[in-house]
Amino acid sequence: MDQEEGSTTLDNIVTQFSTYEDFLDSQITTVDLYYLEDEGLARQLVELGYRGTGEVVKREDFEARKAAIEIARLAERTQKTTLTSAGKDLQDNFLKALAVREEDNRSGKVSSVIFIRDRNSHGQEVSGYIDYAHRLKTEDFEVYFSGKKRLLPRPTDMSFYNWDSHIAVCNSTPNYQVIADNPEGLLFKYKKDRKILNVDPKEITLKHLGLKVHHQQIIYKYL
């Protein structure tokens, strides 16, 4: 068997079986089990090439090829992912800022925190901080980029405050830990690098306005 045929055979085996143990089991006959009376021993004999009804495949070759195929599959799926902001004629600067950062937030290269202060459908003034990457994973942003809905903070976001009802809520997300008991104001700890993001307007400098801060960003939208 030449190298190309061997590679094709290995690919077929790896695709057919979920684990190396499943492949070994497929090579064991009822007669083997009858005489050996030990499934583990039967697997070892197949792995060593002493028993079996098919090709001899080493464990390291199987697992390496399995990993390579999975990486290729994930890469292909990522390439096929269409950005919801793609092809949109965006006039609003806020939506433009979100569109510029959509791909990096989806891939994890950048983590953006969105601050919004606006009015909800009831005319109530609300504000809050949104974990952009988390929202992208949990809802379809097509409605926002197409202008069908306005992006507003929710009680399930990192922070939410209704200025009329005085309801205040804080929630940690998969990306950020909320530190609400800080005497100097609200803080967010990015879980990947444990850096602290201080969102106090007094602490905000020009470097926060759309530029990387420990690969984090803040995007602002006011009334």
Side-chain angles (χ1 to χ4, degrees), residues 78 81 83-85 88 90-223:
T78 300
T81 300
L83 299 178
T84 51
S85 60
K88 301 292 191 301
L90 303 174
Q91 303 299 321
D92 182 83
N93 288 333
F94 172 65
L95 291 179
K96 288 180 181 179
L98 295 185
V100 168
R101 294 161 176 80
E102 182 185 2
E103 183 174 8
D104 284 346
N105 271 270
R106 288 188 183 278
S107 66
K109 292 180 181 178
V110 168
S111 177
S112 298
V113 173
I114 305 169
F115 175 79
I116 294 178
R117 185 167 180 173
D118 206 336
R119 295 190 183 276
N120 60 22
S121 59
H122 302 290
Q124 298 172 320
E125 187 175 339
V126 296
S127 64
Y129 289 93
I130 298 171
D131 180 346
Y132 187 27
H134 180 52
R135 276 275 205 119
L136 282 170
K137 289 184 178 180
T138 56
E139 65 177 305
D140 185 2
F141 264 62
E142 173 71 25
V143 293
Y144 302 123
F145 287 119
S146 63
K148 296 177 182 178
K149 289 179 63 176
R150 290 182 301 127
L151 179 63
L152 291 172
R154 298 173 176 174
T156 53
D157 284 314
M158 290 199 296
S159 77
F160 173 85
Y161 184 64
N162 187 312
W163 293 77
D164 294 328
S165 64
H166 302 293
I167 294 176
V169 182
C170 289
N171 306 282
S172 293
T173 70
N175 300 311
Y176 289 93
Q177 176 187 344
V178 178
I179 304 175
D181 57 356
N182 178 56
E184 298 180 0
L186 193 63
L187 301 175
F188 300 125
K189 179 187 287 187
Y190 190 53
K191 293 181 178 180
K192 288 186 178 180
D193 59 14
R194 304 184 67 81
K195 301 293 185 180
I196 299 296
L197 185 61
N198 190 335
V199 295
D200 185 341
K202 296 179 182 178
E203 299 295 327
I204 299 300
T205 64
L206 289 176
K207 67 178 180 179
H208 293 81
L209 303 180
L211 300 179
K212 286 189 177 181
V213 183
H214 309 308
H215 65 276
Q216 303 164 10
Q217 300 176 341
I218 302 179
I219 308 170
Y220 294 94
K221 181 188 179 186
Y222 292 94
L223 283 167

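We number each residue from 1, following the sequence as shown. Since the structure is predicted, the reported quantities are computational estimates derived from the model, not experimental observations.
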Check the pair Y144 / T84 against side chain to side chain contact (heavy atoms under 4.5 Å, CB included), numbers first and verdict last. CA-CA 9 Å; Y144 302 123; T84 51; over 6 Å; no
So, for P153 and V126, which heavy atoms are closest and what is the spacing to 0.1 Å? CG-CG2, 4.1 Å
I want to know whether Y132 and F141 have ring centres closer than 6.0 Å. yes
Indicate yes or no: at least one non-hydrogen side-chain atom of N120 is less than 4.5 angstrom from one of N162. yes
So do I114 and F94 actually touch side chain to side chain, heavy atoms under 4.5 Å? yes
To the closest 0.5 Å, what do you measure between CG (L151) and CD1 (I130)? 4.5 Å
Given the rule in the side chain to side chain contact (heavy atoms under 4.5 Å, CB included) test, do I196 and I179 qualify, once you have shown the distances and angles that lead to the verdict? CA-CA 9 Å; I196 299 296; I179 304 175; 3.9 Å; yes
How close do R119 and R150 get, counting heavy atoms only, and between which atoms? O-NH2, 2.7 Å
Determine, stepwise, if the pair D164 / H122 fulfils side chain to side chain contact (heavy atoms under 4.5 Å, CB included). CA-CA 11 Å; D164 294 328; H122 302 290; over 6 Å; no
Could you check if a side-chain atom of N182 sits within less than 4.5 angstrom of a side-chain atom of N198, using non-hydrogen atoms only? no
Is the backbone N or O of S85 less than 3.5 Å from a side-chain atom of E102, with the two atoms forming a donor-acceptor pair by type? yes
Non-hydrogen side-chain atoms of Y129 and D157 separated by less than 4.5 Å: no
Closest heavy-atom pair and its distance - A99, F145: N-CE2, 3.7 Å
When you look at C170 and L186, which way does the side chain to side chain contact (heavy atoms under 4.5 Å, CB included) test go after all the steps? CA-CA 10 Å; C170 289; L186 193 63; 4.2 Å; yes
Nearest atoms (heavy-atom pairs only) where P155 meets V169: O-CG1, 3.3 Å
Closest heavy-atom contact between R106 and L83? CD-CD2, 3.9 Å
Going by heavy atoms in the side chains, are R117 and W163 under 4.5 Å from each other? yes
Do you know the tightest heavy-atom contact between A168 and Y161? CB-CD1, 3.7 Å
Given 3.5 Å as the limit, does a donor-acceptor pair link the side chain of K191 with the main chain of T173, or not? yes
Enter the distance from F160:CZ to I116:CD1 here, rounded to the nearest 0.5 Å. 11.5 Å
When rounded to the nearest 0.5 Å, the distance separating CG of L197 from CE of M158 is 7.5 Å
How long is the span from the OG atom in S121 to the NZ atom in K149, to the nearest 0.5 Å? 9.5 Å
Flag side-chain contact, heavy atom, 4.5 Å: D104 against R101: no
Just verifying a value: how many Å separate E103 CD and L136 CG, rounded to the nearest 0.5 Å? 11.5 Å
Hey, mind stepping through R154 and E139 against salt bridge (Lys or Arg N to Asp or Glu O under 4.0 Å) and telling me if it holds? CA-CA 13 Å; R154 298 173 176 174; E139 65 177 305; 3.3 Å; yes
Can you tell me how far the CG atom of D118 sits from the OG atom of S127, to the nearest 0.5 Å? 10.5 Å
